[in-house]
Amino acid sequence: VKWIYDFNEGRSKDKALLGGKGANLAEMTHLGLPVPSGFTLTTESCMRYLKNVAFFDQQLITEIQTAIERLEVKTNKSFTNDDELLLVSVRSGAVFSMPGMMDTILNLGLNDSRVHALAEQTSLAFAYDCYRRLLQMFGDVVYGIPKEKFNLLLTKAEKENNKTVNVFNEQQQLALIKNYKELFIKHNKVFPQHPMDQLKEAIQAVFHSWNNPRANVYRELHGISHHLGTAVNVQEMVFGNSGNESGTGVVFTRNPATGDNQLFGEFLLDAQGEDVVAGIRTPQPIQELSERLPNVYQDFLHYAQMLELHYKDMQDIEFTVEQGKLFILQTRNGKRTAKAALKIATDLVNENVLSKEEALMRVEAEMIDQLIHPIFKPEALEQATPFAQGLPASPRAATGEIVFTAEKAKERYEQGNKVILVRHETSPEDIEGMIVSEAIVTSRGGMTSHAAVVARGMGTCCVTGTETLTIDEEAKTVTTNDIRLKEGDILSVNGNTGEIYLGELPTVIAENNQDLTLFLSWADELADLEVRANAETLTDLTTALDFGATGIGLARTEHMFFGEDRILEMRRLILAEDHREMETALTKLLAFQENDFYQMFQTIRDKPMVIRLLDPPMHEFLPHEAPDIANLADKLNRSVNELTAKIEYLKETNPMLGHRGCRLGITTPEIYQMQVKAIIQSAIRLVQEGIPVVPEIMIPLIAEKEELMHLKVLLIETIEATFNAQNIVPFSYEIGTMIELPRACLIADQLAEQADFFSFGTNDLTQMTYGFSRDDIGKFINRYQEKAIMTHDPFQHLDQQGVGQLIKLAVSNARRTKPTMTIGICGEVGGDPQSIPFFQAIGIDYVSCSPYRIPAARLAVAQAAI
Ligand code: PEP
Ligand code: MG
């Protein structure tokens with residue numbers, strides 16, 4: 001096995017082996033870009049080492065030595081002699097980019113004597129700057145010595161010598177290095193002087209960092225496997241910190257926040273890479289490079305365009321300029337906001353770089369959610385009190401209480417609060433606090449700082465570089481323009497503009513995005529599955545149609561019984577003492593329902609709408625507290641004791657498995673009869689008005705063919721009576737069933753004989769298949785995930801091996817009986833982009849989900865079809 005590849009040996013397709021960074025370095029070398037030479041230790045070597053550390057000394061070390069020898073020949077420099085110094089960087093590079101999670105060491109190969117040689121070849125200040133950086137990064141990454149401790153030593157020395165470090169004389173530089181080395185000793189470590197020892201320890205540290213807790217959290221969050229390992233890239237150093245003709249920068253080929261087709265990024269002169277990312281010095285916009293170093297800027301433009309065309313995607317490029325010469329250190333597909341992802345994908349189609357299919361695959365369906373989420377109400381913004389202004393690093397409107405540490409963010413979040421994390425800058429240690437925050441605000445750093453990159457990836461609101469903020473983490477205050485806020489105070493953050501306001505501002509959904517409309521119209525052209533909505537209120541129906549639903553897959557009628565006037569009639573019905581009382585309640589409910597259905601049909605018009613008859617157990621409609629029962633007794637003119645007893649009787653031990661769904665329809669047929677009558681009467685009105693509706697009536701919780709047959713007879717009789725009563729020539733309607741019990745899946749062929757259509761209720765089906773209560777799984781699923789017993793919540797993403805197999809079996813048996821039967825999914829996983837490919841594969845006709853999930857589902861169904 002080959003464990004090490006020189007950059008000129010690989011290509012971008014070798015990503016699994018070389019990691020993202022290594023594969024791109026190889027690809028760029030292949031394309032002839034100015035990339036400093038180097039080699040990559042494979043991800044396999046990392047996993048091998050993590051399994052058995054002896055592998056390093058037994059096998060890997062000789063390959064590393066020969067790779068260094070090849071690098072010495074290529075660069076005409078030496079890793080060990082003091083002339084023509086070869087210094088290297090060591091960087092991690094996993095298959096999926098994990099920003100800030102893994103570690104980097106620069107200037108490796110310097111030591112006490114070589115720094116001297118470097119000083120003679122360049123300058124004292126430069127050489128010692130490099131050496132200090134090495135000591136600090138090495139100390140931090142390899143031995144876990146906090147970076148700040150080195151900074152403190154530096155500040156102290158500057159104070160004592162009363163000048164800045166770049167004008168220290170040799171004695172002063174040496175004294176400071178001595179202090180740095182003593183800091184190692186204080187941590188029971190010695191900084192290794194031999195370059196090969198440094199390299200060995202650095203590589204091992206990068207391997208180990210694959211397993212550090214931050215990396216683990218990031219992988220959990222993004223669903224990345226823990227078994228991939230990271231590659232390690234060893235590359236000749238070029239120096240951005242060697243004077244004013246030198247520098248370093250990070251540039252996106254298009255704006256990662258808006259998608260605008262304009263170079264977007266920053267550079268710092270006389271600086272090394274991590275200065276830009278760490279947000280310590282505030283960098284200049286890349287456009288200014290055209291004035292400072294015009295030739296370099298032109299070269300950069302050329303390579304940036306070349307890379308974008310080559311990868312057919314927006315690139316995130318790191319470069320360094322060493323004394324007027326440009327080097328490209330890294331390129332990757334840039335992280336972007338949902339808005340930018342959409343704009344870039346549509347623009348690349350218009351620029352004839354991508355086909356529509358390719359463009360549709362470029363945008364993650366989950367990202368679409370970010371485009372339909374709230375912005376602040378424009379009227380409210382006019383009246384809002386501004387607090388500060390920073391850079392709009394990641395869009396979306398967010399409100400919450402101020403916290404100053406990641407720990408506090410977690411703590412307050414767990415207590416059910418919305419938090420805004422306010423910090424000087426963030427670092428990878430903050431990841432867990434960032435995940436739970438509504439917004440992240442930093443006082444330092446640019447648009448490519450850690451906070452900005454991570455927040456954009458997560459779709460979290462973020463404002464960086466809010467320089468007027470004075471943050472006092474000790475006192476837990478943040479001050480600007482004489483306004484001092486403390487922990488717990490409320491802020492509203494506008495990630496679209498970078499503005500921050502005092503207090504809580506109301507939000508609205510962003511107006512329809514034209515790019516999104518166009519993009520999703522391409523999706524609809526390619527999709528096989530239709531996307532319907534689960535909705536029953538007029539607002540939800542309208543939202544669903546606006547979001548492009550092709551119909552309603554599930555209208556849950558129980559939601560129509562909870563209005564104040566209706567619940568009383570419902571209770572009257574359930575608790576009725578005699579037939580007359582029951583009739584009174586039914587007449588009133590019929591009027592309510594007829595009106596509801598009429599309005600719903602009117603909204604949805606000729607699109608399909610599946611109306612499900614009442615499902616929940618009766619006790620859900622009844623009061624359970626003494627004062628509420630007393631109140632009801634008063635309204636119904638009944639005795640409190642009697643009502644209490646009746647309510648007690650209706651209480652169920654196991655309501656989800658109890659007297660609900662079709663079982664109610666069978667024992668109390670009057671309710672379903674009333675509902676069906678209301679549906680048909682309202683449909684008649686619509687048909688008479690010239691709107692041809694075809695009512696689809698759905699029966700919940702069928703387990704037994706006889707249940708379905710019995711209810712069908714009841715419903716058909718009622719429907720025919722309704723037509724007859726009005727002297728109407730019957731028009732068509734359908735009666736279908738939900739499939740939400742394992743037994744129903746197993747006898748789907750029998751049910752298909754009776755049903756006009758099927759709709760899988762995956763919520764109940766998952767509950768009944770796993771025996772996990774839908775309402776209680778939250779109490780243990782996290783622990784299951786922590787212990788790797790289950791990777792995900794099956795109510796969120798379909799359990800393809802269990803529940804999915806039942807669905808698959810049911811679909812194929814049903815289709816054998818009735819090949820053209822319409823079959824849908826209306827449980828929550830119907831709107832889940834991760835579950836949709838499975839539904840596509842087994843021949844489902846439509847998925848149905850809550851209105852806000854429709855745009856993402858439309859994209860997901862297209863992606864499943866491509
Ligand atoms: C289901 O069980 O998946 C379903 C859609 O019905 P409900 O969520 O109303 O039980
Ligand atoms: Mg159900």
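The shown structure was predicted, so the numbers you read here are calculated from the model rather than taken from an experiment. Each ligand, and each atom within it, is numbered from 1 in the order the structure gives. Computation of the quantities below employed the complete heavy-atom set of this structure, encompassing side-chain atoms and omitting hydrogens, waters and symmetry-equivalent molecules.
A distance below 6.0 Å separates the ring centres of Phe723 and Phe731. For an aromatic pair to be called close, the ring centres must be under 6.0 Å apart, and Phe772 with Phe795 fails this. If you look at Tyr846 and Phe839, their ring centroids are not closer than 6.0 Å.
Using a cut-off of 4.0 Å between Lys/Arg side-chain N and Asp/Glu carboxylate O, Glu558 and Arg660 are scored as not salt-bridged. Checked for salt-bridge contact, Glu594 and Lys677 miss the test: no charged N lies under 4.0 Å from a carboxylate O.
Taking every heavy atom of Cys826 and a limit of under 4.0 angstrom, the matching atoms of ligand 1 come to 5 (C). Counting the atoms of ligand 1 from 1 in the order shown, those under 4.0 Å from a heavy atom of Leu554 are 5 (C).
For the Mg ion (ligand 2), the nearby protein N/O/S atoms, meaning those under 2.8 Å, are Glu740 OE1, Asp764 OD2.
The one candidate from Ile684, Thr557, Leu613, Thr722 that meets the side-chain contact (heavy atoms from CB on, under 4.5 Å) condition with Ile679 is Leu613. Just one of Lys818, Lys705, Arg816, Lys712 meets the salt bridge (charged side-chain N to carboxylate O under 4.0 Å, His left out) condition when paired with Glu753; it is Lys705. Here the options are Val861, Ile823, Thr822, the test is side-chain contact (heavy atoms from CB on, under 4.5 Å), and the partner is Ile844; only Ile823 passes.
The protein non-hydrogen atom at the shortest distance from atom 10 (O) of ligand 1 is Arg774 NH1, 2.8 Å. Nearest protein heavy-atom contact of atom 3 (O) of ligand 1 is Asn763 N, 2.6 Å.
Among the atoms of Thr762, some N or O lies under 3.5 angstrom from an N or O of ligand 1.
In Arg556, the part holding a heavy atom less than 4.0 Å from any atom of ligand 1 is the side chain. The side chain of Arg612, and not its backbone, has at least one atom closer than 4.0 Å to an atom of ligand 1 (non-hydrogen atoms only; side chain from C-beta on). When non-hydrogen atoms are compared, ligand 1 lies under 4.0 Å from neither the backbone nor the side chain of Asn534.
We find the CD1-NE2 distance between Ile666 and His659 to be 9.0 Å, quoted to the nearest 0.5 Å.
At least one heavy atom of Met738 sits closer than 4.0 Å to an atom of ligand 1.
With sequence neighbours excluded, no residue satisfies ring pair (Phe, Tyr, Trp, His ring centres under 6.0 Å) with His559.
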